[in-house]
Structures are given as C-alpha cells and as structure tokens.
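Each remark here refers to the structure printed beneath this line.
All residue numbers in this chain count up from 1 along the given sequence. When a ligand or atom number is given, it counts from 1 through the structure's own listing order.
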Amino acid sequence: MALSILKISKKGYNKFVDDQIRNSLIDDFGKKHGMDHYKTYTFKEKKVLLGAKSGGKIIGALSLTINRGSARIGSFAVSKKMRGKGIGVALLGEARKMARMNGCEKLWLWTLPNMPAYKFYKKQGFIEEARLKRQWGGKDLCVMSRFI
Ligand SMILES: CC(C)(COP(=O)(O)OP(=O)(O)OC[C@H]1O[C@@H](n2cnc3c(N)ncnc32)[C@H](O)[C@@H]1OP(=O)(O)O)[C@@H](O)C(=O)NCCC(=O)NCCS
C-alpha cells in the first residue's frame, strides 16, 4: 500500500477523529456507557473573561476556561499601581464562584515557579501539582491547583 502523510483540513480531521473515537468508545464500553463517555469527550469548553473596573476603567482581568469539571485560569493581571489592594483576590473569588456555578470542582493554572505570582497563588490555597522541566523557553513551568 502506498502511504502518504500530509496536512489535512480541519473538517476532515474532525469528522474522522470524531467517528473513530465514538466507535471505539462504544466497542470498549458498550452502547450506553460508550455514548456517555463520548458526550464527555466532545464537551465544548467555555471561556469566561472577568474584569475588575474602577471609574469605568479596567484595572484587572482574568480568563477562565471551563472544561469537564475543572476551570483553568489563563492570563491574569492587575494594573501595576493597583496591586496589593485585594483586587487579585477579588477576581479569583469571582472566578471560583463562576467555576462552581458551571459544575467545576477544581481550579488550575500553569505558571513559572520563580514568578512572584507563585507566592500569591500559594497564599490563596493553590498547591504545586506538577513541574514540567524546561517547558517554556528553557524554563520550568509548574501546574498549580486547588479544589473549590
Ligand atoms: C499576581 C497578581 C494578579 C496579584 O494581584 P493583586 O491584586 O496584587 O493581589 P492581592 O492584592 O489581592 O494580594 C492578595 C495576597 O497575595 C499577596 N501577594 C500578592 N502579590 C504577591 C507577590 N508578588 N508575592 C507574595 N505575595 C503576594 C498579598 O500580599 C496578599 O496577601 P495578604 O492578604 O496576606 O496581604 C498581580 O500581582 C499581578 O498582576 N502580577 C503581574 C502579572 C502576573 O504575574 N500574573 C500571573 C501570571 S500566572
């Protein structure tokens, strides 16, 4: 058989992978449980963007990506002059509330362990769950999380 490996379209990729995954889950778990797993597998993630505003201006923002029972905190920052006044904690509190409302039991994120934010997250009850060596421009990254 002549085989060629080449770039394919997103549509072709999605259709093929979706069919294969659905069928193998049904083979492995039976029709009912296979379809339950398939629905979880194809759950569409939801992105929530939260901001802290003062005088009509954004002074802090955070993104939250909700997917299958956990919510990942993405880019998160408070404007430099406003740091240390509890705005970060308030944003994180709202993120927790939002995650809980969407059925999540866990918040997680990745960060650089030598960044000041690492201590901030630790103070907010996050623990380091994993460290990925030389993952990001040659630097270590860590995954931090806390149950809600
Ligand atoms: C991390 C960040 C969002 C925190 O926001 P913030 O509004 O300054 O945080 P808060 O004022 O709510 O701080 C809450 C607590 O964390 C502590 N904290 C905040 N920044 C800290 C730091 N750099 N080192 C140690 N502790 C810190 C505060 O002392 C405070 O503790 P306390 O209540 O016991 O005094 C903000 O410092 C920031 O924007 N940093 C730059 C961007 C960044 O690193 N983002 C995260 C990338 S993963």
| request: For atom CD1 of Ile8, decide whether the heavy atoms of other residues, nucleotides or ligands shown that lie under 6.0 angstrom number more than 12. | output: yes
| field | Nearest heavy-atom neighbours spanning Ile148 and Lys106 | value | CD1-N, 3.7 Å
| field | Residue pairs passing the salt bridge (charged side-chain N to carboxylate O under 4.0 Å, His left out) test where at least one lies in residues 6-23, sequence neighbours excluded | value | Lys15-Asp19, Asp18-Arg22, Asp19-Arg22
| query | What salt bridge (charged side-chain N to carboxylate O under 4.0 Å, His left out) pairs are there with at least one residue in residues 60-89, not counting sequence neighbours? | reply | none
| task | Would you please name every residue forming a side-chain hydrogen bond (donor to acceptor under 3.5 Å, both in side chains) with Gln20, sequence neighbours left out? | result | none
| task | Give the intermediate values and the outcome of side chain to side chain contact (heavy atoms under 4.5 Å, CB included) for residues Asn114 and Asp140. | result | CA-CA 9 Å; Asn114 59 355; Asp140 290 359; over 6 Å; no
Quick check for students: name every N or O atom pair between ligand 1 and the protein closer than 3.5 Å, with distances.
unit_1, atom_1, unit_2, atom_2, d
ligand 1, 7 (O), Gly88, N, 2.8
ligand 1, 8 (O), Gly84, N, 2.9
ligand 1, 11 (O), Gly84, N, 3.3
ligand 1, 11 (O), Lys85, N, 3.1
ligand 1, 11 (O), Gly86, N, 2.8
ligand 1, 12 (O), Gly88, N, 3.3
ligand 1, 12 (O), Val89, N, 2.9
ligand 1, 31 (O), Lys123, NZ, 3.3
ligand 1, 34 (O), Lys123, NZ, 3.2
ligand 1, 39 (O), Val78, N, 2.8
ligand 1, 39 (O), Val78, O, 3.4
ligand 1, 39 (O), Arg83, NE, 3.2
ligand 1, 45 (N), Phe76, O, 2.7

